[in-house]
Amino acid sequence: MTENTVTENSEKKSLNFIEEMVEKDLAEGKNGGRVQTRFPPEPNGYLHIGHAKAICMDFGMAEKHGGICNLRFDDTNPTKEDTEYVDAIKEDIEWLGFHWANEFYASDYFQQLWDFAVDLIKEGKAYVDEQDQETILSQKGTPTQPGINSPYRDRPVQESLDLFYKMNSGELEEGSMVLRAKIDMAHNNMLFRDPIIYRIVKTPHHRTGTKWKAYPMYDFAHGQSDFFEGVTHSLCTLEFVPHRPLYDLFIDWLKKGQDLDDNRPRQTEFNKLNLNYTLLSKRNLLALVQNGMVSGWDDPRMPTICGYRRRGYTPESIRMFVDRIGYTKFDALNDMALMESAIREDLNRRATRVSAVINPVKLIVTNYPEGKTEEFEAINNPEDPEAGSHKITFSRELWIEREDFMEDAPAKYFRLSQGREVRLKSAYIVLCTGCKKAADGTIEEVYCEYIPNTKTGESDCNRKVKGTIHWVSAAHAVKAEVRLYDRLWKVENPRDELARLREEGMDPVDALKQMKNPDSLEIRENCYVEKFLADTKPMDHFQFQRIGYFCTDKDSTPEHLIFNRTVSLKDTWSKVKDKA
Ligand code: ATP
Ligand code: MG
């Protein structure tokens, strides 16, 4: 299949089940014909590729149906949240190319949620429980056995009210009391067994400071926030399926029986992104950062949006990938190769082709005069005629890849070996005449003679050779550091493997260390790139011909160029897997 047909197919592909639902709701005139979604990150870490899937859904669905999508920070847990994360999340969403209509915070609703909780206590639908977490948990029962009522369940309303105010006054210790909704300790949905809806947290909040000491739990904040804002479609991932009835119940309680059916938020769930050789979840990613297992949240091996950005992934490639894997109601493990083929496809269209030698050995063109130079035209991008060309300088001494010379080469080796001819990309055909070796056998220099009249357009330019290799002129090239990245994990499904190791009692950090691919980063400090790259800027994309796609690192300077490998030219991993 050509690239074009792939794109056409993805544009024509059928609606996913969420689009079908939204279009049906619109056709039926629900919510007054409005579509309003939200993306609700908790600001407790950087966004990862899984979030990109949710972002494309939340923003994409609103965009497609003339609606709006708000960004709402779910900031109900002050111990883990920080404005650093808020800023990073905003930067990443914008980089992906999406725009929120409003920036909201669950903490904007702390007063409304408090008032609602007070109402529930007054209506006998909530009570303060003075038991500790463990005791409460032990009374929950099991899916097949009902739970036990708390001894505080039927305490007088006024007592609960007084204690609830105390929970927020600062005079009580964390964990000493909680507010619970009074539902049904025998309910078959465990989440209905008098869920905790408020707890005491004394850590100052990144926005509201020390104003609050009692904080709503996720289930008591999310649906209500959706309702306050006028969200119509509350899209989230499958683990929230059992929470949906509670989501609906709290909204019913909030509106006290008012008829809302056509005008209320509805939660719909889709499958999480789970990629092989990739570990998501902010908790795990934070552990990698905190234990120095990566250089930071934007380490190019991280599955964070900022990690992919630094690695050289484009927003277009991420959106293309998300679009291709689609949305379903079933958990799946997607192949990393799909993501890599999306970035290859995108960079094939946009990356400038350049020459870089990442494992250099000298090639001396012995019949080329010393001091002479020639400039050859190098096409910037054969996929894009508008991209033009740039000049590359040829001279007597070149750098080539060590792998492009072999002393005792097999017949099918179409590169340099004594007596064989190859084309030097964009320049002459050369005949290899030998090499010089060090005492230990290391090749120190390779020798060749150029064949006159074999440049493009010259009389002998069509002379048959089986191979073309790249090169840079030793006197004109610029030194560079090249970072070759590979998968961070050895195991195909790190999420499940981590769970398994932890179940065996292994310390989580030890488990992460054991799963890490020891070859996930190789630094090559003595590489040479053509001088055209001397003034590259961070985030420029290149194809190092015959090697892969690279991107200039954010720490690169003209004095110390640094390039990150985004992806190799071909998928080498599926071959490894086939052999295994
Ligand atoms: P993590 O467990 O990685 O920290 P989270 O779900 O706690 O993720 P939130 O910030 O609470 O992260 O999530 C914001 C939104 O992103 C939620 O709607 C959540 O469902 C969605 N989301 C999180 N992880 C994924 C994923 N792997 N695939 C798709 N959507 C995801
Ligand atoms: Mg979370």
Side-chain angles (χ1 to χ4, degrees), residues 16 18 37-62 69-77 79-82 84-86 88-90 92-93 96 98 100 104-107 206 217-219 221-223 225-226 229 231 233-244 247 265-290 297 302-308 318-319 321-334 336 338-339 493-496 498-499 508:
N16 64 48
I18 298 181
T37 58
R38 84 288 167 266
F39 174 63
E42 184 180 355
N44 62 347
Y46 284 64
L47 296 182
H48 55 60
I49 187 73
H51 294 113
K53 177 173 177 174
I55 289 171
C56 289
M57 169 54 80
D58 294 331
F59 286 92
M61 201 54 58
C69 178
N70 292 324
L71 171 60
R72 183 195 326 127
F73 289 100
D74 238 314
D75 55 348
T76 54
N77 189 2
T79 52
K80 294 193 177 149
E81 295 160 4
D82 200 280
E84 173 200 344
Y85 301 134
V86 168
I89 288 170
K90 284 161 48 174
D92 288 347
I93 298 172
L96 284 173
F98 293 106
W100 51 92
F104 291 136
Y105 292 80
S107 54
H206 70 106
M217 302 295 287
Y218 173 89
D219 279 327
H222 198 93
S225 302
D226 283 347
E229 287 167 13
V231 167
H233 297 86
S234 184
L235 310 173
C236 62
T237 38
L238 287 171
E239 75 272 25
F240 291 102
V241 167
H243 296 251
R244 194 193 323 138
Y247 178 104
R266 294 271 179 211
Q267 178 182 303
T268 308
E269 310 84 10
F270 58 85
N271 64 329
K272 270 199 156 171
L273 174 69
N274 188 21
L275 260 188
N276 63 0
Y277 298 102
T278 307
L279 187 64
L280 301 179
S281 174
K282 285 174 282 190
R283 186 164 33 91
N284 294 323
L285 301 181
L286 180 64
L288 296 179
V289 174
Q290 284 177 336
W297 286 99
M302 287 282 267
T304 48
I305 306 292
C306 56
Y308 281 113
I318 293 176
R319 291 171 66 157
F321 164 69
V322 167
D323 186 51
R324 285 179 187 171
I325 56 169
Y327 298 84
T328 73
K329 295 181 187 181
F330 309 97
D331 227 350
L333 183 64
N334 290 115
M336 186 67 202
L338 277 173
M339 177 124 184
N493 191 340
R495 180 190 70 176
D496 291 359
L498 180 62

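Starting from 1, each residue takes its place in the sequence as its number. Indexing begins at 1, ligand by ligand and atom by atom, following the structure's order.
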Query raised in the report: Taking the six-membered ring for Trp, are the ring centroids of Tyr218 and His222 within less than 6.0 Å of each other?
Result: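 Distance test on ring centres: under 6.0 Å, yes.
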
Numbered atoms of ligand 1 (with element) below 4.0 Å of [X], judged on heavy atoms:
{"X": "His48", "answer": "1 (P), 3 (O), 24 (N)"}
{"X": "Thr237", "answer": "19 (C), 20 (O), 29 (C), 30 (N), 31 (C)"}
{"X": "Leu280", "answer": "27 (N)"}
{"X": "Pro40", "answer": "14 (C), 18 (O)"}
{"X": "Ala54", "answer": "16 (O), 21 (C), 30 (N)"}

Query raised in the report: Under the 3.5 angstrom rule, does the side chain of Arg319 hit a backbone N or O of Leu96 as a donor-acceptor pair?
Result: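 Yes, the answer is positive, given that a donor and an acceptor are paired below the 3.5 Å cut-off.
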
Query - Pair Asp58, Thr37: side-chain N/O donor-acceptor within cut-off below 3.5 Å - result: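 Side-chain D/A pair, Asp58 to Thr37: absent.
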
Query raised in the report: Any chance the side chains of Thr79 and Asn77 put a donor and an acceptor closer than 3.5 Å?
Result: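 Yes, Asn77 and Thr79 have a side-chain donor paired with an acceptor closer than 3.5 Å.
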
Query raised in the report: Which residues satisfy the ring pair (Phe, Tyr, Trp, His ring centres under 6.0 Å) test with Phe73, sequence neighbours excluded?
Result: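 Phe73: ring pair (Phe, Tyr, Trp, His ring centres under 6.0 Å) contacts with Tyr105.
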
Query raised in the report: Which option, Lys272, Glu42, Arg72, Lys282, owns the non-hydrogen atom nearest atom 6 (O) of ligand 1?
Result: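 Among Lys272, Glu42, Arg72, Lys282, the closest heavy atom to atom 6 (O) of ligand 1 belongs to Lys272.
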
Query raised in the report: For atom NZ of Lys80, is the number of surrounding heavy atoms from other residues, nucleotides or ligands below 6.0 Å larger than 12?
Result: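 Counting neighbours around NZ of Lys80, 12 or fewer heavy atoms of other residues, nucleotides or ligands fall under 6.0 Å, so no.
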
Query raised in the report: Mind checking whether Phe39 has an N or O less than 3.5 Å away from an N or O of ligand 1?
Result: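 No - when backbone and side-chain N and O of Phe39 are compared with those of ligand 1, no distance drops under 3.5 Å.
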
Query raised in the report: Would you say ligand 1 has an N or O under 3.5 Å from any N or O of Arg38?
Result: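 Between Arg38 and ligand 1, no N or O pair is found under 3.5 Å apart.
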
